[in-house]
Amino acid sequence: MIVSLLALKALEDFKLPKTLEEAREIQLEIAKRVNIKPINPVKIRNAIALDVSYDKHSGKSHAAAVVFDFSSLEIKEVAVVEQELNFPYIPGFLAFREIPPILDALSCIKSEAELIICEGHGLLHPRRAGLASHLGVILDMPTVGVAKNLLFGKVDNKTFFEEDIEYRLIFDPETNEFYGAEIVKKGLNYKPIYVSIGHLVDLRSSLLVFLRIRDRFRIPKPLREAHKFSRIYRKKD
DNA sequence: GCGACAG
DNA sequence: ATCTTGTCGC
């Protein structure tokens, strides 16, 4: 997929809501368009990790898009953009704050990619329209959400073990569907990290993606790199 | 009414 | 997310 073209197309009809009621309506429409289906990891050559950092004083944001080889995790391309922030942080409405700078960064990417990984939840959201799902729907690209804290959903009791991690599934108490998982390093007392379905992936695929991009640290390597690049223009005085 | 609350 | 140095712990 040619990410820059999809980003420019998505930018055309992206409008910031004037009220939270309007934002909620948009999210309900987004949720209807989310498509849950397995992906074949073998077909993924390039993936993109995204992160956005904020400058408290200038009110600016920096969005970083890191294209990496899905097999080797080697970085292939990086884009960092600066943009004014035009929407406050309100839990449940993160997408309206971060999607504009994210689309800007994605529009700068020359590489093609088959998957996007972003910081934040996908379907694990009160209206099933978290950042990862919202972004995936407007781009029409597969997305997976990775978050450091849980916003919505109930953690199931059963614990699964796979490779060096253990996880418990998380379901939406309103639909009774499993949309994500709480993951910890096997044996160790690490703070959990949360993975959820974004768009055009299913839960199994999302977990496989996480297993693919993680390393010995809590935050998967490509997301750590995106975080680092999103802060490189920060000025220290 | 009270508490919770991605980044 | 951000404000921030040294410092407690594996």
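In the text below, chain A, chain B and the rest are named by the order of the sequence lines, each starting its count at 1.
Both tests pass for A:K158 against the ring of A:F160: distance under 6.0 Å to the centre and angle within 45° of the axis.
The distance between atom NZ of A:K60 and atom P of C:dT2, rounded to the nearest whole Å, is 15 Å. Regarding A:K56, its NZ atom lies at a distance of 11 Å from the P atom of C:dT2, rounded to whole Å. Atom CD1 in A:I99 sits roughly 17 Å away from atom P in B:dA6 (whole-Å rounding). One atom, CD of A:E98, and another, C1' of C:dT2, lie 13 Å apart when rounded to the nearest Å. Atom P of nucleotide B:dG7 and atom CD1 of A:I90 are separated by 16 Å, given to the nearest angstrom. If you measure from atom OH of A:Y89 to atom P of B:dC5, you get 10 Å, rounded to the nearest angstrom. When rounded to the nearest whole Å, the span between CG of A:L50 and C1' of B:dA6 equals 15 Å. The CD atom of A:Q27 sits 14 Å away from the P atom of B:dA6 (whole-angstrom rounding).
Under 4.0 angstrom from either OP1 or OP2 of C:dT2 there lies at least one side-chain N or O belonging to A:R231. Between A:K148 and the phosphate of B:dG7, there is a side-chain N or O to OP1/OP2 separation shorter than 4.0 Å. Contact annotation: A:H57 side-chain N/O to C:dC3 OP1/OP2 distance is not under 4.0 Å. Between B:dG7 and A:N149, a contact under 4.0 Å exists linking OP1 or OP2 to a side-chain N or O.
Counting non-hydrogen atoms under 4.0 angstrom, A:H134 reaches nothing in the nucleic acid. Within the nucleic acid shown, A:G92 comes within 4.0 Å of at least one base atom, counting heavy atoms only. Within 4.0 Å (heavy atoms only), A:Y190 reaches no atom of the nucleic acid at all.
Counting non-hydrogen atoms of neighbouring residues, nucleotides and ligands closer than 6.0 angstrom, the NZ atom of A:K9 reaches no more than 12 such neighbours. Environment of NZ in A:K186: crowded, with over 12 heavy atoms of neighbouring residues, nucleotides or ligands closer than 6.0 Å.
Tested against A:E174 for a salt bridge (charged side-chain N to carboxylate O under 4.0 Å, His left out), the candidates A:R128, A:R127, A:K154 yield a single pass: A:R128.
Checking A:Y89 against A:E98 by side-chain atom types alone, no donor-acceptor pair falls below 3.5 Å.
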